[in-house]
There are 2 protein chains.
Amino acid sequence: MAGNRQPTIKTVAARAGVGRTTVSRVVNGSDLVSADARARVLAAIKELNYVPNSVARGLVTSRTDSVALVIPESESRLGSEPYFAALIRGVSAALADTRTQLQLTLVRDQSERDQMIASVTTRRVDGVLLVSVHADDPLPGMLEEMGLPTVLAGRRDERENLSYVDSDNAGGAAAAVRHLLDRGRRRIATIAGPLDMDVGRARLAGWRDAHGEAGVPADEVLVQGGDFTEEGGRRAMRSLLERAPDLDAVFAASDLMAVGALAELRRQDRQVPGDVAVVGFEDSVLARHTHPPLTTVRQPVEELGRTMARILTDITRHGAERQQVTLPTRLVVRESS
Amino acid sequence: MAGNRQPTIKTVAARAGVGRTTVSRVVNGSDLVSADARARVLAAIKELNYVPNSVARGLVTSRTDSVALVIPESESRLGSEPYFAALIRGVSAALADTRTQLQLTLVRDQSERDQMIASVTTRRVDGVLLVSVHADDPLPGMLEEMGLPTVLAGRRDERENLSYVDSDNAGGAAAAVRHLLDRGRRRIATIAGPLDMDVGRARLAGWRDAHGEAGVPADEVLVQGGDFTEEGGRRAMRSLLERAPDLDAVFAASDLMAVGALAELRRQDRQVPGDVAVVGFEDSVLARHTHPPLTTVRQPVEELGRTMARILTDITRHGAERQQVTLPTRLVVRESS
DNA sequence: AAGCCCGGTGGGAACGTTCCCAAAACAGAT
DNA sequence: ATCTGTTTTGGGAACGTTCCCACCGGGCTT
C-alpha cells in the first residue's frame with residue numbers, strides 16, 4: 001500500500017484501456033465519451049484512488065481556482081476583529097459554492113506586504129480581495145494591470161472605478177440622524193471619522209443630508225473630527241461639550257468612538273439618553289455591552305464578504321465587468337437614544 | 001504595455017543572452033553562476049518585470065509552499081471566535097517567516113467537508129493543520145496515509161500519536177485549584193468539560209492532582225459535568241449548590257461555563273468571591289468583562305498556532321519527525337477569587 | 001606539454017494536465 | 001458497396017519550471 005507513487009492520468013488510462021484524453025474527458029464531465037468507456041474509466045479511478053493533480057491542471061489552464069483575501073493587521077486589531085471574522089465567513093461561504101479555495105494573507109508590515117505582492121503576482125491566485133486599502137495605495141491598480149482582478153471592501157472615494165462592495169454609509173448615517181430628529185432632538189452633534197477616508201466623508205455627508213431633508217439647519221459647530229478610536233471619541237465629545245453645551249444628541253461615526261463619547265458623558269454627569277442621545281455605527285459586539293446598550297447602524301459585514309467573493313468569481317469565471325455594489329444598512333435601536 | 005504575455009524564464013534567458021538554467025539558478029540563489037551572468041540576468045528580470053510562475057515550479061518540485069488550515073464552523077461560533085482569530089494570527093505569523101501561503105478552509109457541513117478533502121488531497125497543499133478534530137475522526141489518519149503531513153490543535157487522547165500542539169490542560173487546572181487552596185478554600189467544586197474529550201478529562205485530572213498534592217481529599221460530590229456552554233455552566237452550578245451547599249469555590253473548565261456559574265451564583269445571592277470563589281479556563285475576552293472580572297487560566301492560543309505551523313514546516317521542509325508539544329498555561333488572577 | 005579538476009554553462013527530459021486535430025469507428029443514405 | 005457525416009477516440013504539443021548530465025575552458029599539477 002505504501003511506497004507507490006500517486007496514480008496519474010496515464011495510470012488510469014492504462015488500467016481502463018483507453019487514452020489519456022478520454023480519462024480527462026470523463027474527469028471533466030465532457031459528454032463526448034461513450035457510456036462504456038466512461039464506466040471503465042470511473043472504475044479505474046475508483047480502484048486506483050486517483051485524484052487529478054490540480055497543480056498540473058493549473059499550469060495548462062492557467063487557472064488556480066483560488067483567490068487571495070488580504071487583510072492588513074496593522075489596523076487596530078481589537079475593535080476590528082469581529083469585523084474581519086464576519087468578513088472571512090462571508091467570503092468563505094460564497095467561495096465554497098464555486099469550489100474556489102481561499103488564500104488568507106495577513107499583512108503586518110512592509111516586508112510582509114512585499115511578500116504578499118510577490119506571492120499573489122506569481123500566479124497562484126486568480127484574483128484578489130482587498131480590505132482597508134488607503135486612497136493613495138497603488139496596489140489595486142498594479143494588480144489589475146497585471147491581469148489580476150481585484151475587489152475592494154469599501155470604496156476609496158466617490159469616484160472609485162475599481163470593483164468594490166461598500167455599505168451605504170451616507171444612507172445609514174442619515175437614517176441615524178433622522179431617527180434622532182424623530183425623537184425630537186434638534187442639536188445633534190457628530191463625531192466624524194477621518195475625512196481622508198470615504199467612510200468618514202460619507203457618514204458626515206449623511207448627517208448633513210438628514211438635516212437638509214428635515215429642514216433643520218446643520219450647525220457646523222456640532223461637527224468634530226475623530227479617528228475611529230475610543231480615545232478619539234472621548235476627546236471629541238469633550239470638545240463638543242465645551243463648544244456646544246446645549247447639544248442633545250451625538251451621532252458617532254463608529255461604535256468605538258461612541259463608546260468613548262459615552263465615557264466622557266458619564267464623566268460629566270450627562271444622562272444618556274435623558275440629556276444626550278448617542279448613536280454609533282457598525283453594530284459590533286461592543287454595542288450590545290455598553291451602558292446603556294448602544295443604538296447603532298448595522299453593517300451587513302458577512303454579506304459584504306459574500307458579495308465581494310461573488311463579484312470576483314463573476315469576473316474570473318465568467319469574464320464579467322467590474323462592479324460597484326452598495327449594501328443597505330439598518331438602524332438598530334437600543335437604549336442610548 | 002497591455003496585451004503582452006507574461007514573460008517566462010525563456011524570455012529572460014534570451015534577453016540576458018544566457019540559457020534557461022542560468023536564469024533558474026539566479027532566481028533560486030545558486031552560487032554556481034558567474035558574477036557577470038548574474039548581473040545580466042538580474043537586469044533582464046527587472047526590465048521585463050519577470051516573476052517566476054509558482055504553479056509551473058510546483059509541478060516539477062511537487063511542492064506548493066502552502067498549507068491548509070481547516071476550521072470546522074459547526075462548533076459554537078460565538079464563544080470560540082476570538083480563539084480562532086488568535087489561532088489564525090499565530091499560524092499566519094509563523095508561515096510568513098517561511099514564505100508559505102495559508103489556505104484557510106472553513107467547514108460548515110458534510111458537503112463542505114468532502115470538498116475540503118478533495119481539495120487538500122489534490123496536491124494543492126504541502127500539509128494540513130486541523131482544529132477540533134473528534135477522537136473518532138478518521139481524517140487525520142487518511143491524510144497522513146496519503147503523504148500529507150498533519151498537525152492537530154489539541155490532542156485527542158493521552159496516547160495521540162499524530163503531531164499535535166496542546167496547552168497544558170491538566171497543569172493549568174491544577175494551578176487554578178492550587179491557587180484556590182492557597183486562598184484557604186477547602187470545598188472546591190469543579191464544572192468539568194465533556195469527558196469524551198481529552199480537554200475535559202485533562203482539566204478534571206488537574207483538579208484531582210492539585211487535591212492530591214495538597215493532601216486535601218477530592219470529594220467526588222463536588223464534580224459536575226458540563227458541556228462548555230454558558231447554559232450548561234448555569235445548570236451545573238445549580239445542581240452543585242443543591243448537592244453541596246457548603247462549597248466555597250468552583251473551578252469551571254471553560255470561561256463560558258464560569259460565566260454561567262456566575263449568573264447562577266448571583267441569582268442565589270451568593271457573593272463572589274466572598275462566599276464562593278470562581279475560576280475559569282481560557283482567558284477569552286469574556287473573562288475581563290464579567291462581574292467581577294474572572295480569574296482564569298490563560299491558554300497561549302496565538303503561540304499554539306505558531307507552534308503548529310512551525311512543526312508542520314519542520315516536517316514538510318526538513319523532513320522532521322512527528323512532534324507532540326504541550327504549551328504551558330498561566331493563571332491570571334482577577335477579582336473572582 | 002599533457003593531463004586533470006572544477007567552476008560555469010546550457011540543452012534535453014520530465015512533471016501531469018488540457019487542448020488541438022487527425023483518424024478510427026460506425027451509421028445511414030445513395 | 002461506396003460515400004458521407006457524425007460520434008468517439010487518442011497521440012502530439014504545450015504550459016513554465018527544475019533537474020540531470022554532458023560539455024567547455026582555463027588554471028594547476030606533474
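If you're wondering where the values come from, they're calculated on a predicted model, not measured in any experiment. The figures here come from the full heavy-atom set of this structure, side chains too, leaving out hydrogens, waters and symmetry mates. The sequence lines fix the lettering, A, B, ..., with proteins before strands; numbering per chain opens at 1.
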field: B:R155-B:T326 side chain donor-acceptor pair, cut-off 3.5 Å
entry: no
message: Between P on C:dG16 and CZ on A:R57, what's the gap in Å once rounded to a whole number?
response: 14 Å
- request: Report the C-alpha separation of A:R322 and A:E160 in whole Å, then their side-chain angles, then the decisive distance to 0.1 Å, and conclude whether the side-chain contact (heavy atoms from CB on, under 4.5 Å) test is met.
  value: CA-CA 11 Å; A:R322 287 180 185 167; A:E160 180 69 78; over 6 Å; no
Rounded distance (Å) that lies between atom P of D:dT8 and atom CZ of A:R40: 14 Å
query: Just checking, any donor-acceptor pair under 3.5 angstrom between side chains of A:R108 and B:S92?
result: yes
query: With a 4.5 Å heavy-atom cut-off, do B:I315 and B:I311 have their side chains touching?
result: yes
query: Expressed in angstrom and rounded to an integer, what is the separation of B:R25 atom CZ from D:dC19 atom C1'?
result: 10 Å
message: Using a distance-only criterion (donor-acceptor N/O pair, under 3.5 Å, no hydrogens), is the base of C:dG8 paired with the side chain of B:T22?
response: no
- prompt: Is any side-chain N or O of B:N28 closer than 4.0 Å to OP1 or OP2 of D:dT18?
  reply: yes
task: Using the closest heavy atom to pick a nucleotide of DNA chain C for each, name whichever of B:R20 or A:P7 lands nearer the 5' end.
output: B:R20
message: Tell me if the side-chain of B:S34 makes a donor-acceptor pair with the base of C:dG7, cut-off 3.5 Å, by modelled atom types.
response: no
query: Considering residues, nucleotides and ligands other than B:R317, do more than 12 of their heavy atoms fall under 6.0 Å from its CZ?
result: yes
query: Considering only D:dG16, D:dT18, C:dT9, which nucleotide approaches the side chain of B:N53 most closely?
result: D:dG16
- prompt: Over how many whole Å does the gap from B:D31 atom CG to C:dG8 atom C1' extend?
  reply: 11 Å
- prompt: What integer distance in Å separates B:Y50:OH from D:dG16:C1'?
  reply: 8 Å
task: Hey, which sits more toward the 5' end of DNA chain D by its nearest nucleotide, B:T8 or A:G19?
output: A:G19
query: With sugar-phosphate meaning primed atoms plus P, OP1 and OP2, does A:A37 contact a base, only sugar-phosphate, or nothing at under 4.0 Å between heavy atoms?
result: sugar-phosphate
query: Salt bridge between A:D157 and A:R159, side-chain N to carboxylate O under 4.0 Å?
result: no
- line: Of A:L32 and A:T21, the one whose nearest nucleotide on DNA chain D sits closer to the 5' end is A:L32
message: Can you see if the side chain of B:S24 gets near the phosphate of D:dT18 - specifically, an N or O under 4.0 Å from OP1 or OP2?
response: yes
task: Pick base, sugar-phosphate or nothing for A:V18, based on heavy-atom distances below 4.0 Å to the nucleic acid.
output: sugar-phosphate
field: Nearest listed nucleotide, side chain of B:L59, among D:dT18, C:dC15, C:dG11
entry: C:dC15
- prompt: What is the distance from CD1 of A:I45 to P of C:dT17, rounded to the nearest Å?
  reply: 10 Å
query: Rounded to whole angstrom units, what separation is found between the CD1 atom of A:I9 and the C1' atom of D:dG10?
result: 12 Å
query: Between the side-chain atoms of B:R38 and the base atoms of C:dG8, is any donor-acceptor pair under 3.5 Å?
result: no
task: Report yes or no: is there a donor-acceptor pair, N or O only, under 3.5 Å between the side chain of B:R123 and the base of C:dG16?
output: no
Atom pair distance, as rounded to whole Å: CG in A:D65 and P in C:dT17: 15 Å
